*Asks:* 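I'd like to ask some things about the structure below.
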Amino acid sequence: MKSTPSKARGLTVAMLAIVLIAGGCAGGIPTVKPEPVPEEPPPALVASQTERILSELGQEIAAQGEAGPAGGAGRMAGPALAMREAEYIYARAEEEAAKDKGEEPNPAASVVPMGTTFAGVIVPATDTWPRSFVAVTEPVDAQAPLLYVLTQENALSQYKLTMWVRLIAKTAVPAMAPAEKGAAQLPIERVDTLAIAPVAALEAYAAVKEDPIAPVPMPFSQEDPVRAGWYQHIDGWGTALADIKGTVEHSSTANLQGAVALETADGGALVFGTISSQLDLSFKRSSAGEFFELPERMAALGDGTTKVTKRAVVDFQQTVALVIPPVGSTAPIEVIGAFQVPIKVTVTQEEKS
């Protein structure tokens with residue numbers, strides 16, 4: 001029985017397909033050669049990205065005015081947002097108190113002018129999250145530049161300003177890798193290439209802030225303005241409460257969540273972190289009329305109470321920038337930037353008998 005023409009054509013096509021497949025196999029299966037994996041992660045951002053992020057942050061800062069920061073909707077988060085919000089509360093209370101007295105507000109209690117133009121950026125070289133880059137502002141109103149830390153928590157989130165410090169006089173940002181290459185973002189527990197791990201350096205800073213003669217693994221190159229001012233603040237309250245036999249207790253703790261470490265050009269690290277400090281002011285009344293008084297601007301961070309008959313606890317938030325030398329170096333830890341503001345006041349009054 002003869003095959004129909006259509007069946008013959010079908011057989012021919014099938015045979016041709018087999019021949020083509022067999023011919024392909026005869027030459028070997030093609031192999032895909034992947035691109036070599038780079039030894040170091042690439043920079044996390046390019047110039048156009050950092051410029052856009054900083055432009056949006058600058059617009060937000062410029063728009064704050066009397067309204068204060070934009071909260072969760074803006075490009076500020078974490079310690080930076082808490083500190084900025086407290087600054088506005090503090091400054092407005094100072095202005096109101098000065099008006100009531102017919103005086104000029106204390107310039108030291110005003111909101112710090114934050115720069116919106118930038119002298120440079122430090123970009124991380126990393127392929128993990130969270131990741132952070134650093135921006136250095138141009139000086140504002142003849143004040144020292146600020147260093148901003150902007151962090152992206154995950155691949156889908158925005159970069160937000162999480163920390164900022166003011167550069168301390170006679171210090172400088174260490175040499176870092178150029179932005180087009182990126183500086184390695186280091187784990188804060190890292191110890192193999194550094195004279196001290198970033199986490200240990202931040203804990204040491206908190207320890208000497210709590211006790212200037214506390215034993216620490218490595219010394220600091222100098223006493224920075226925040227620590228010096230902190231000791232003076234404690235002494236001032238000690239004097240103020242002496243007449244009523246009050247007590248002043250204080251503590252400081254390193255907040256390791258959100259800390260950032262970027263490798264410097266010499267193999268050390270530029271480290272940013274936050275320190276929580278607390279001032280506990282208390283006394284036991286010996287007569288019904290005894291009390292001590294909080295400044296209006298400080299009381300505004302609580303329920304507005306200025307007259308305290310038992311206890312006031314003031315919480316402070318500080319940011320700090322440290323430079324850690326590489327392993328083998330005999331150089332001390334350098335404090336290059338710091339800033340601190342009170343962020344919360346809790347008053348406890350003596351119960352009436």
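For clarity, every value in this text was computed on a predicted model and none was experimentally measured.
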*Asks:* Take V260 and M163 through the side chain to side chain contact (heavy atoms under 4.5 Å, CB included) test and state the conclusion after the steps.
*Replies:* CA-CA 10 Å; V260 175; M163 288 181 277; 4.2 Å; yes
*Asks:* Between R52 and E56 (salt bridge meaning N to carboxylate O under 4.0 Å), is one present in this structure?
*Replies:* yes
*Asks:* Less than 3.5 Å apart, any donor N or O on the side chain of Q340 or K209 sitting next to an acceptor on the other?
*Replies:*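 Yes, because at least one side-chain N or O of Q340 sits under 3.5 Å from a partner of the opposite role on K209.
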*Asks:* For E290 and S286, does a side-chain donor sit closer than 3.5 Å to a side-chain acceptor?
*Replies:* yes
*Asks:* Sub-3.5 Å donor-acceptor pair from the side chain of D141 to the main-chain atoms of Q143, do we have one?
*Replies:*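 No.
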*Asks:* Without swapping roles, check the side chain of Q349 against the backbone of T309 for a donor-acceptor pair under 3.5 Å.
*Replies:*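 Side chain of Q349 to backbone of T309: a pair is present.
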*Asks:* Look up atom CD in Q64 and atom CE in M114, then write down how far apart they are to the nearest 0.5 Å.
*Replies:*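 With rounding to 0.5 Å, CD (Q64) is 7.0 Å from CE (M114).
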*Asks:* For the pair E87 and R84, find out whether any cationic side-chain nitrogen is under 4.0 Å from an anionic carboxylate oxygen.
*Replies:* yes
*Asks:* Could you go step by step and tell me if Y159 and R131 meet the side chain to side chain contact (heavy atoms under 4.5 Å, CB included) rule?
*Replies:* CA-CA 9 Å; Y159 277 90; R131 53 180 58 172; 3.1 Å; yes
*Asks:* Could you go through the side chain to side chain contact (heavy atoms under 4.5 Å, CB included) check for L194 and L186 one step at a time?
*Replies:* CA-CA 10 Å; L194 303 176; L186 308 175; 4.2 Å; yes
*Asks:* May I ask you to decide if L150's main-chain N or O and K160's side chain share a donor-acceptor pair within less than 3.5 Å?
*Replies:* no
*Asks:* May I ask you to decide if D235's main-chain N or O and T239's side chain share a donor-acceptor pair within less than 3.5 Å?
*Replies:* yes
*Asks:* Distance only, no hydrogens: is a donor on one side chain within 3.5 Å (strictly under) of an acceptor on the other, for Q152 and W129?
*Replies:* yes
*Asks:* Does R311 CZ have over 12 foreign heavy atoms under 6.0 Å away?
*Replies:* no
*Asks:* For a quick test of reading the model, state the closest non-hydrogen atom pair linking L301 to P342 and the distance between them.
*Replies:* CD1-O, 3.4 Å
*Asks:* Do the rings of F339 and W164 sit parallel, tilted or perpendicular, given the 30° and 60° boundaries?
*Replies:*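 Plane angle between 30° and 60°, so tilted.
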*Asks:* Got a sec: does the CD of E103 have more than 12 other heavy atoms crowding it under 6.0 Å?
*Replies:* yes
*Asks:* Starting at CZ of F133, measure out to CG of L262 and round the result to the nearest 0.5 Å.
*Replies:* 11.5 Å
*Asks:* So, K310 and S282: side-chain donor and acceptor under 3.5 Å apart, yes or no?
*Replies:* no
*Asks:* Can you confirm whether the side chains of T319 and T274 place a donor and an acceptor under 3.5 Å from each other?
*Replies:*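 No, because no side-chain N or O of T319 sits under 3.5 Å from a partner of the opposite role on T274.
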*Asks:* Ion pair present between R75 and E60, side-chain N to carboxylate O less than 4.0 angstrom?
*Replies:* no
*Asks:* I need the I168 CD1 to I336 CD1 distance, nearest 0.5 Å.
*Replies:* 8.0 Å
*Asks:* Is it the case that the side chain of S55 and the backbone of E51 share a donor-acceptor pair, with hydrogens and angles ignored and the cut-off at 3.5 Å?
*Replies:*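 It does not hold such a pair.
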*Asks:* Assess the residue pair H250 and F316 against the criterion (ring-ring contact (aromatic ring centres under 6.0 Å, His included)); give the C-alpha distance rounded to whole Å, side-chain angles, the decisive distance to 0.1 Å, and a yes or no.
*Replies:* CA-CA 11 Å; H250 61 93; F316 292 79; over 10 Å; no
*Asks:* Between atom CG of D211 and atom OG of S251, what is the distance when rounded to the nearest 0.5 Å?
*Replies:*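 The CG atom of D211 sits 12.5 Å away from the OG atom of S251.
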*Asks:* Test F272 against every option in V320, V134, L202, T162 by the side chain to side chain contact (heavy atoms under 4.5 Å, CB included) rule and name the one that passes.
*Replies:* V134
*Asks:* Say you draw a straight line from CD of E296 to CG of D100; how long is it, rounded to the nearest 0.5 Å?
*Replies:* 8.0 Å
*Asks:* For the backbone of Q257 and the side chain of N255, can you confirm whether one donor and one acceptor N or O come within less than 3.5 Å of each other?
*Replies:*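 Absent.
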*Asks:* So, taking the atom named CG in N154 and the one named CG in L156, what distance separates them when rounded to the nearest 0.5 Å?
*Replies:* 5.5 Å
*Asks:* Would you say the side-chain atoms of T117 and E138 include a donor-acceptor pair closer than 3.5 Å?
*Replies:* no
